Undergrad: 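I have a structure here, written as structure tokens, and I will follow up with some questions on it.
One is the number of the first residue; the rest follow in order along the sequence. What you see is a predicted model; the values in this text were computed from it and never measured.
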Amino acid sequence: MVRVLYVTGWCRSGTTLLGNLLGECGGAVHVGELRYLWTNGILGRGTNTVCGCGADVASCPLWKGVVARVAGDDPAWHAERAVRLQRAALRTRHTGRRLAEARGVRAAHPAVAALAALYAAIAEETGARLIVDTGKFPAEAAALCGAPGVDARVLHVVRDPRATAESWRRAKEYIPAMGAARSTAYWTGFNLASERIVHAFPGRSLRLRYEDFTADPRGSLARVMAHAGLDGDPPVDADGRADLGVNHTVTGNPDRLRRGPVRVREDDAWTRSQPAPARLIATALALPLLARYRYPLVASPARPPAGTPLPSGKPPQKEGAA
């Protein structure tokens with residue numbers, strides 16, 4: 001059995017850093033958003049083609065080996081087929097059908113076996129006991145719960161929708177900007193679909209809030225590691241400091257390319273910078289789920305920016321950021 005920890009939810013929720021930290025654990029490999037191996041890495045049609053190691057995905061030794069195992073000597077043909085299967089069966093709208101297959105109610109779509117074969121190739125090529133996929137497509141998580149030869153664990157990561165909307169307001173290297181209405185609509189849709197998986201497979205699912213992860217990185221990582229079947233100590237100290245090595249993420253947040261010392265701490269700049277109209281839009285669209293994830297109707301006051309004088313007149317000590 002190939003063990004996979006699939007991270008679902010919506011983007012800009014700290015999942016890339018979380019995945020890279022898990023990739024530092026013995027026996028684990030973080031592959032980033034694996035879904036884009038074919039479009040970005042092989043067909044070159046995505047927003048970037050760079051592996052987390054710095055090489056192009058198509059020339060990275062690890063991914064060359066994986067692709068050779070599943071696609072033989074015609075990777076372009078296989079990539080086109082894989083993309084067709086993704087569009088036909090692994091979009092968020094397909095989550096319900098994939099859940100029905102995982103429960104054995106209907107026969108599995110061919111996309112499920114293809115996905116399982118790709119994970120098997122990664123396990124064979126890397127020797128990893130756990131593959132961490134931060135793809136965040138609920139239909140893929142649902143498919144894995146019934147995929148042949150896969151021991152799937154689901155991690156549902158959520159973050160305050162106002163924070164994700166503000167993050168999306170600005171472009172980030174190869175990732176274009178997105179308005180608050182569109183971002184929050186996706187936030188709501190992806191999280192509702194993820195809820196269906198948690199309800200259907202509670203024993204395989206764990207939910208983690210970004211805010212809890214940044215408040216207690218070591219404790220949160222320990223919970224996730226236990227859920228994923230990883231042993232050993234979390235690769236972060238009590239102050240949230242860690243040291244990141246080379247990874248082989250297919251794509252994801254550009255921060256995946258960072259190496260060396262990092263510190264996990266909450267990015268709450270959005271509480272100071274977000275325009276009021278955008279915040280109102282995000283709050284209104286996410287309203288049905290705010291209370292469920294313990295987010296207040298009105299965002300809590302932000303901590304003062306670094307360097308702001310305290311009542312005593314002394315500036316606060318500055319902290320590093322992840």
Undergrad: Is S183 reaching over with its side chain to a backbone N or O of A180, donor-acceptor style, under 3.5 angstrom?
TA: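 Here the side-chain-to-backbone pair does not exist.
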Undergrad: Within a radius of less than 6.0 Å around CG of D74, do more than 12 heavy atoms belonging to other residues, nucleotides or ligands occur?
TA: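 More than 12 heavy atoms, drawn from other residues, nucleotides or ligands, come within 6.0 Å of this atom.
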Undergrad: Can you give me the closest heavy-atom contact between V70 and A121, atom names plus distance?
TA: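 Smallest interatomic distance, heavy atoms only, reads CG1-CB, 3.4 Å.
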Undergrad: Just by modelled atom types, is the P202 backbone N or O under 3.5 Å from a matching donor or acceptor in the S205 side chain?
TA: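 Not a single qualifying donor-acceptor pair exists.
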Undergrad: Any sub-3.5 Å donor-acceptor pair from T126's side-chain atoms to I122's backbone N or O?
TA: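 The answer is yes, because a donor-acceptor pair under 3.5 Å joins these two groups.
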Undergrad: Just by distance, do the side chain of W187 and the backbone of R159 share a donor-acceptor pair under 3.5 Å?
TA: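 Side chain of W187 to backbone of R159, a donor-acceptor pair under 3.5 Å: yes, one is there.
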Undergrad: Please check: side-chain N/O of R129 versus main-chain N/O of G26, any donor-acceptor pairing under 3.5 Å?
TA: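 It does hold such a pair.
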Undergrad: Testing the 3.5 Å rule here: is there a donor-acceptor pair between the side chains of N40 and T49?
TA: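 The answer is no; no qualifying pair exists.
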Undergrad: Ion pair present between R259 and D243, side-chain N to carboxylate O less than 4.0 angstrom?
TA: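 Result for this pair is no, no salt bridge flagged.
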Undergrad: Tell me whether D237 contacts the main-chain N or O of R241 through its side chain, where contact means a donor paired with an acceptor under 3.5 Å.
TA: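 Yes.
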Undergrad: Answer yes or no: are there more than 12 heavy-atom neighbours, outside R97 itself, under 6.0 Å from its atom CZ?
TA: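 Counting neighbours around CZ of R97, 12 or fewer heavy atoms of other residues, nucleotides or ligands fall under 6.0 Å, so no.
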Undergrad: Evaluate the criterion side-chain contact (heavy atoms from CB on, under 4.5 Å) for residue pair L221 and L21; output intermediate values, then yes/no.
TA: CA-CA 8 Å; L221 276 172; L21 287 170; 3.9 Å; yes
Undergrad: Heavy atoms only: give me the nearest P161-T184 pair and the separation to one decimal.
TA: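 Looks like CB-CG2, 4.3 Å.
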Undergrad: Between S59 and K64, does the side-chain hydrogen bond (donor to acceptor under 3.5 Å, both in side chains) criterion hold? Intermediate values first, please.
TA: CA-CA 6 Å; S59 60; K64 283 179 67 175; over 6 Å; no
Undergrad: Does H248 reach the main-chain N or O of C51 with its side chain, forming a donor-acceptor pair under 3.5 Å?
TA: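 Answer holds: no.
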Undergrad: Check T95 against A142 and note the closest heavy-atom contact, atom names and distance.
TA: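 Minimum heavy-atom contact is O-CB, 3.9 Å.
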Undergrad: With a cut-off of 6.0 Å (strictly less than), are more than 12 heavy atoms of other residues, nucleotides or ligands near OH of Y186?
TA: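 No, the 6.0 Å shell around OH holds no more than 12 heavy atoms from other groups.
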Undergrad: Determine all donor-acceptor pairs shorter than 3.5 Å in which one atom belongs to a side chain in residues 145-153; sequence neighbours excluded.
TA:
residue : atom : partner : partner atom : Å
D151    : OD1  : R153    : NE           : 3.1
D151    : OD2  : R3      : NE           : 3.0
D151    : OD2  : R3      : NH2          : 3.3
D151    : OD2  : R153    : NH2          : 2.9
R153    : NH1  : H227    : O            : 2.8

Undergrad: Going by heavy atoms in the side chains, are Y119 and L34 under 4.5 Å from each other?
TA: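 Answer yes - side chains close enough.
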Undergrad: Taking all atoms of both residues into account, what is the closest heavy-atom pair of L230 and C25, and its distance?
TA: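 Taking every non-hydrogen atom into account, CD1-CB, 4.0 Å.
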Undergrad: Test your reading of the model: is there a side-chain donor-acceptor pair from N247 to the backbone of N20, 3.5 Å cut-off?
TA: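 Judged by distance alone, no pair lies under 3.5 Å.
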Undergrad: Contact between L5 and L22 at the side-chain level, heavy atoms closer than 4.5 Å - yes or no?
TA: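 They are in contact (side-chain heavy atoms under 4.5 Å apart), so the answer is yes.
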Undergrad: Go through the structure and list residues passing side chain to side chain contact (heavy atoms under 4.5 Å, CB included) with R35, not counting sequence neighbours.
TA: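 Once residues adjacent in sequence are excluded, the partners of R35 under the side chain to side chain contact (heavy atoms under 4.5 Å, CB included) criterion are Q86, L90, R91, F137, E140.
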Undergrad: What heavy-atom pair brings T134 and T15 nearest, and what distance separates the two atoms?
TA: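 Looks like CG2-O, 3.5 Å.
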Undergrad: Which pairs with one or both residues in residues 284-299 pass side-chain hydrogen bond (donor to acceptor under 3.5 Å, both in side chains), sequence neighbours excluded?
TA: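 Checked against side-chain hydrogen bond (donor to acceptor under 3.5 Å, both in side chains) - neighbours excluded - the pairs reaching residues 284-299 are E195-R292, E195-Y293, E211-Y295, D212-R294.
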Undergrad: Are I131 and M225 linked, directly or through intermediate hydrophobic residues, by side-chain heavy-atom contacts shorter than 4.5 Å (ILVMFWY only)?
TA: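 No, separate clusters.
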Undergrad: So, are E33 and R256 salt-bridged, with charged N and O less than 4.0 Å apart?
TA: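 Not counted as a salt bridge, because no side-chain N and carboxylate O are separated by less than 4.0 Å.
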Undergrad: Counting N and O atoms only, with roles assigned by atom type, does the side chain of T283 sit under 3.5 Å from a partner on the main chain of R279, one being a donor and the other an acceptor?
TA: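 Yes, because the side chain of T283 sits within donor-acceptor range (under 3.5 Å) of the backbone of R279.
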Undergrad: Under 6.0 Å from the six-membered ring centre of W168 and within 45° of its axis: does the NZ or CZ of R12 meet both?
TA: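 Verdict for W168: a cation-pi partner in R12.
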Undergrad: I'd like to know if the side chain of D133 pairs up with that of H30 as donor and acceptor (distance under 3.5 Å, no hydrogens or angles considered).
TA: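 Judged by distance alone, the side chains do not pair up.
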Undergrad: My understanding is that only one of D255, T249, T251 makes a side-chain contact (heavy atoms from CB on, under 4.5 Å) with N253; could you say which?
TA: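 Checked D255, T249, T251 against N253; only one passes side-chain contact (heavy atoms from CB on, under 4.5 Å): D255.
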